[in-house]
**Student:** 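Please read through the structure below; I'll follow up with questions.
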Amino acid sequence: MATTVAQPCPSWTRGSIPLSKRISRRRRFSGRTTLTPFAAQTQAALVQAAPSPSAPRHSSIQVVTLSRADDLQAESRAMARAANATLYDPQLIASNYGSQPIKVVRRTLQIVVALGSFGLKLLLDQRNGVLDKNRRLRAAELKDIFTKLGPTFVKLGQGLSTRPDICPPEYLEELSELQDGLPTFPDDEAFACIEKELGLSLESIFSSLSPSPIAAASLGQVYKAQLKYSGKLVAVKVQRPGIEEAIGLDFYLIRGLGFFINKYVDIITSDVVALIDEFARRVFQELNYVQEGQNARRFKKLYADKEDICVPDVFWDYTSAKVLTMEWVEGVKLNEQEAIERQGLKVLDLVNTGIQCSLRQLLEYGYFHADPHPGNLLATPDGKLAFLDFGMMSETPEEARSAIIGHVVHLVNRDYEAMARDYYALDFLSPDVDVSPIVPALRDFFDDALNYTVSELNFKTLVDGLGNVLYQFPFNVPAYYALILRSLTVLEGLALYADPNFKVLAASYPYFAKRLLTDPNPYLRDALIELLFQDGRFRWGRLENLLVQGRMDRDFSAKEALQPVLKVLLSPDGEELRTLVIKEAVRVSEAFTLGTISDSYKSAPDFMRVLVSNGNANGPIIMSEAEMQNMIELRDQVLRIWRLLRSSNDFDPNLLLPILQVLQQPEARRLGERVMGGITQRLAARFLQQVLRVPTPTSI
């Protein structure tokens with residue numbers, strides 16, 4: 001992508017070049033062409049045809065801006081053009097290539113020679129006792145082998161880079177660096193593909209088109225163009241010729257290898273054939289560019305409501321299974337820090353935007369971008385974060401979204417038994433697996449990791465450590481979870497370019513705090529209660545910290561904070577929670593009462609304090625200094641929490657009305673009576689102690 005803003009120019013004067021020589025010798029445009037003044041800036045010269053007054057315009061285009069109905073009709077036409085798009089069918093592929101033995105043998109030999117030599121090196125390393133020592137070297141060699149073997153293996157390597165249950169950490173790191181930069185295919189073939197797929201000539205669609213691709217990937221290459229009917233700049237992605245056949249053959253062979261691994265390789269506990277089929281399905285979905293356009297539209301609808309997120313529009317009338325035309329986005333790759341700063345932008349601001357958007361993708365709507373490498377994330381000149389390339393998307397199951405947040409709560413509480421049980425809900429383990437051996441491994445790693453504060457804990461270190469745990473036990477990491485780890489690790493890696501001390505967990509914590517405080521989901525509501533109550537006591541410090549962090553999230557709402565807990569408190573199933581709340585309400589009421597008495601005593605004239613003190617530092621209250629200090633700290637903490645709520649942007653005293661309404665319910669009145677009874681008993685006990693001058697037992 002270009003790093004500077006390119007503006008359409010109405011008058012170009014840098015010499016005239018026949019477009020027919022650039023595109024095809026079979027025909028000519030009705031006019032002549034000149035190079036644009038911004039050609040060098042866009043990293044590819046654009047070829048311009050002067051629009052003819054009599055030039056035919058596509059009959060379906062009536063106005064520049066399509067209405068929603070017109071857009072849906074255009075999308076339907078694109079879907080019709082993609083009706084015969086190839087789907088992944090392992091049985092059909094096996095039937096096809098089973099009858100082409102020469103082609104299969106030739107490709108098999110090419111793969112076997114490359115991977116066989118790699119396997120031989122691993123065997124020698126194992127015999128010589130240097131397998132662990134050479135792991136980093138072998139991982140780098142595997143990355144190079146995948147790159148040379150072509151698109152299928154580049155994609156396979158990228159997929160393996162998200163599988164900590166299959167690959168050791170060194171392999172995960174090396175394979176994550178795989179890039180899709182491959183040789184381009186001939187431009188004449190690309191231009192012929194555009195005309196065949198769309199049923200239109202190039203000159204009827206574009207007023208300019210870059211003579212060579214501005215980007216090439218494993219599955220296709222991208223040209224920059226200008227639409228003739230509107231003058232808008234667009235990116236035109238064209239699929240690589242013969243890619244379906246090449247990928248189909250590779251997956252046929254890889255699937256056969258998967259059967260062999262499932263049968264004879266015990267160290268890999270996952271179903272390798274199922275993983276290959278899942279991955280192949282995703283790759284074949286990427287080959288249908290109409291599906292990618294629909295992915296982009298859905299992504300834009302869910303996440304582009306935020307002003308700092310940019311998702312390009314799709315031009316459906318110029319899109320088919322093998323051609324995708326989208327709005328051109330000017331921007332700088334997120335790993336080009338100097339270029340970003342020259343535009344007056346900050347990398348960390350953009351990374352924070354990416355983290356918040358990723359958390360919404362992963363844990364709120366569950367639909368997320370599964371390939372967030374730097375080339376797919378751009379910083380636009382106006383400070384927005386642009387997402388590109390929507391071929392590979394994934395979804396987080398609804399149950400797993402809540403379970404992930406609950407898992408974080410269990411991690412904070414160091415409840416490793418609950419963490420191990422979470423892996424059932426997360427679909428990491430089958431129900432018949434005993435988690436008891438996993439608990440010590442979790443404790444050994446996380447006890448050390450949690451000695452750091454949230455702001456100090458490096459996400460990649462956490463992921464690598466967790467990956468080691470997963471690698472030792474029979475985990476089957478779902479694709480969505482592996483992609484979550486990859487997404488956040490990529491974002492943290494980008495941030496570290498700008499700030500070596502940046503921690504993605506610290507940037508994510510406000511989102512988790514907001515969700516815990518405001519989400520009515522029963523799983524999250526129980527997780528919040530579990531976080532706030534421990535050993536029968538309410539942890540006011542945790543609540544204060546959640547409010548401080550939650551307020552940092554721009555979507556935090558004081559109106560919604562703690563409402564879910566209030567509802568369960570007064571529900572028929574809330575008796576256990578009501579008992580805890582009654583005890584805490586009594587304790588807080590006592591703290592306020594005694595704190596007020598203590599403050600009044602300290603502010604009274606000296607002669608009055610002498611009359612009531614009887615030599616006691618706390619005046620009329622017979623209580624140790626430490627206990628009195630605890631009472632005052634509790635009162636002050638509750639007041640701080642109240643001030644945090646009141647100072648929230650959307651705080652409204654009317655938010656208390658639902659609470660007052662709930663308190664009119666019979667269950668609430670009974671709860672109030674029990675609280676008042678507890679307070680009365682507590683204060684009566686205090687009064688008798690004052691009269692009898694009996695020191696307060698520490699257990700009261």
**Student:** Could you check whether any side-chain heavy atom of Leu528 comes within less than 4.5 Å of a side-chain heavy atom of Leu546, counting everything from C-beta outward?
**Tutor:** yes
**Student:** NZ of Lys384 to CG of Asp308: how many Å apart, nearest 0.5 Å?
**Tutor:** 8.5 Å
**Student:** Between Glu170 and Arg135, is there a salt bridge with N-O shorter than 4.0 Å?
**Tutor:** yes
**Student:** Please report the closest heavy-atom contact between Val314 and Gly293, naming both atoms and the distance.
**Tutor:** CG2-O, 3.7 Å
**Student:** Before accepting this row, confirm whether a basic side-chain N of the pair Arg281/Glu286 lies closer than 4.0 Å to the acidic partner's carboxylate O.
**Tutor:** no
**Student:** Check for a donor-acceptor pair, side chain of Asn545 on one end and backbone N or O of Gly541 on the other, with a separation under 3.5 Å.
**Tutor:** no
**Student:** For residues Tyr252 and Asn96, is any side-chain donor paired with an opposing acceptor at under 3.5 Å?
**Tutor:**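 No.
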**Student:** Who pairs with Glu530 by side-chain contact (heavy atoms from CB on, under 4.5 Å), at least two apart in sequence or on another chain?
**Tutor:**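 Once residues adjacent in sequence are excluded, the partners of Glu530 under the side-chain contact (heavy atoms from CB on, under 4.5 Å) criterion are His410, Asn413, Asp415.
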**Student:** Just by distance, do the side chain of Asn128 and the backbone of Val130 share a donor-acceptor pair under 3.5 Å?
**Tutor:** no
**Student:** Working to the nearest 0.5 angstrom, can you tell me the gap between Leu137 CG and Asp125 CG?
**Tutor:**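 Atom-to-atom, Leu137:CG and Asp125:CG are 8.0 Å apart.
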**Student:** Residues in salt bridge (charged side-chain N to carboxylate O under 4.0 Å, His left out) with Lys514, at least two apart?
**Tutor:**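 Asp553.
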**Student:** With distance as the sole test, does Thr353 use its side chain to make a donor-acceptor pair with the main-chain N or O of Asp349 at under 3.5 Å?
**Tutor:** yes
**Student:** For the pair Arg401 (side chain) and Glu364 (backbone), establish whether a donor and an acceptor sit closer than 3.5 Å, ignoring hydrogens and angles.
**Tutor:** yes
**Student:** Consider only side-chain N and O atoms of Glu395 and Tyr365, and report whether a donor and an acceptor are under 3.5 Å apart.
**Tutor:** no
**Student:** Do Asn352 and Gln356 have side-chain N/O donor and acceptor atoms under 3.5 Å apart?
**Tutor:**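 Gln356 and Asn352 do not have a side-chain donor-acceptor pair below 3.5 Å.
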**Student:** Does Arg138 pair with Asp132 as a salt bridge, N-O distance under 4.0 Å?
**Tutor:**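 Between Asp132 and Arg138 there is no salt bridge, as every charged N stays at least 4.0 Å from the carboxylate O atoms.
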**Student:** About how many Å separate OH of Tyr171 and CZ of Arg136, when rounded to the nearest 0.5 Å?
**Tutor:** 10.5 Å
**Student:** So, do Tyr303 and Tyr367 have ring centers that fall under 6.0 Å from each other?
**Tutor:** no
**Student:** Is a side-chain donor or acceptor of Asn262 paired with a backbone partner of Val272 at a separation under 3.5 angstrom?
**Tutor:**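 Here the side-chain-to-backbone pair exists.
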**Student:** Is any side-chain heavy atom of Leu517 less than 4.5 Å from a side-chain heavy atom of Leu543?
**Tutor:** yes
**Student:** Contact between Leu363 and Phe512 at the side-chain level, heavy atoms closer than 4.5 Å - yes or no?
**Tutor:** yes
**Student:** Residues in side-chain contact (heavy atoms from CB on, under 4.5 Å) with Pro522, at least two apart?
**Tutor:** Arg525
**Student:** Looking only at heavy atoms, what is the nearest atom pair of Met419 and Leu442, with distance?
**Tutor:** CB-CD1, 4.3 Å
**Student:** I would like to know whether Val433 and Ser430 meet side chain to side chain contact (heavy atoms under 4.5 Å, CB included); could you show each step before the answer?
**Tutor:** CA-CA 6 Å; Val433 174; Ser430 60; 3.3 Å; yes
**Student:** Compare all side-chain heavy atoms of Leu115 with those of Ile145 and state whether any distance is below 4.5 angstrom.
**Tutor:**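 The answer is yes, as the side chains (C-beta and beyond) meet within the 4.5 Å cut-off.
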**Student:** Do Arg107 and Gln110 have side-chain atoms, one donor and one acceptor, less than 3.5 Å apart?
**Tutor:** yes
**Student:** Before giving the answer on side chain to side chain contact (heavy atoms under 4.5 Å, CB included), spell out for Lys301 and Arg297 the whole-Å C-alpha distance, their side-chain angles and the decisive distance to 0.1 Å.
**Tutor:** CA-CA 6 Å; Lys301 180 180 178 181; Arg297 184 199 60 198; 5.8 Å; no
**Student:** At their closest point, which heavy atom of Ile355 faces which heavy atom of Ala507, and how far apart are they?
**Tutor:**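 Smallest interatomic distance, heavy atoms only, reads CD1-CB, 3.9 Å.
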**Student:** Report the relative orientation of the aromatic rings in Phe299 and His369; use parallel for angles under 30°, tilted for 30 to 60°, perpendicular for over 60°.
**Tutor:**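 It falls in the perpendicular class, over 60°.
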**Student:** Side-chain contact test, heavy atoms from C-beta onward, threshold under 4.5 Å: evaluate it for Leu87 versus Phe284 and give yes or no.
**Tutor:**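 A side-chain contact under 4.5 Å is absent here.
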**Student:** How long is the straight-line distance from CD1 of Ile247 back to OG1 of Thr152, given to the nearest 0.5 Å?
**Tutor:**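 Reported to 0.5 Å precision, the distance equals 4.5 Å.
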**Student:** Roughly how far, to the nearest 0.5 Å, is CG of Asp250 from CZ of Phe153?
**Tutor:**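 The CG atom of Asp250 is 5.0 Å from CZ of Phe153, to the nearest 0.5 Å.
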**Student:** Roughly how far, to the nearest 0.5 Å, is CG of Leu362 from CD1 of Ile404?
**Tutor:**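 Taking CD1 in Ile404 and CG in Leu362, the distance rounds to 7.0 Å.
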**Student:** With a 3.5 Å distance limit and no angle check, can you tell me whether Glu292 reaches the backbone of Phe390 through a side-chain donor-acceptor pair?
**Tutor:**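 Indeed, once roles are kept as given, a pair shorter than 3.5 Å links the two residues.
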**Student:** Within the structure provided, determine whether Ile243 and Pro151 are in side-chain contact (heavy-atom separation under 4.5 Å).
**Tutor:**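 Yes; the side chains approach each other to less than 4.5 Å.
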**Student:** With a 4.5 Å heavy-atom cut-off, do Tyr416 and Arg414 have their side chains touching?
**Tutor:** yes
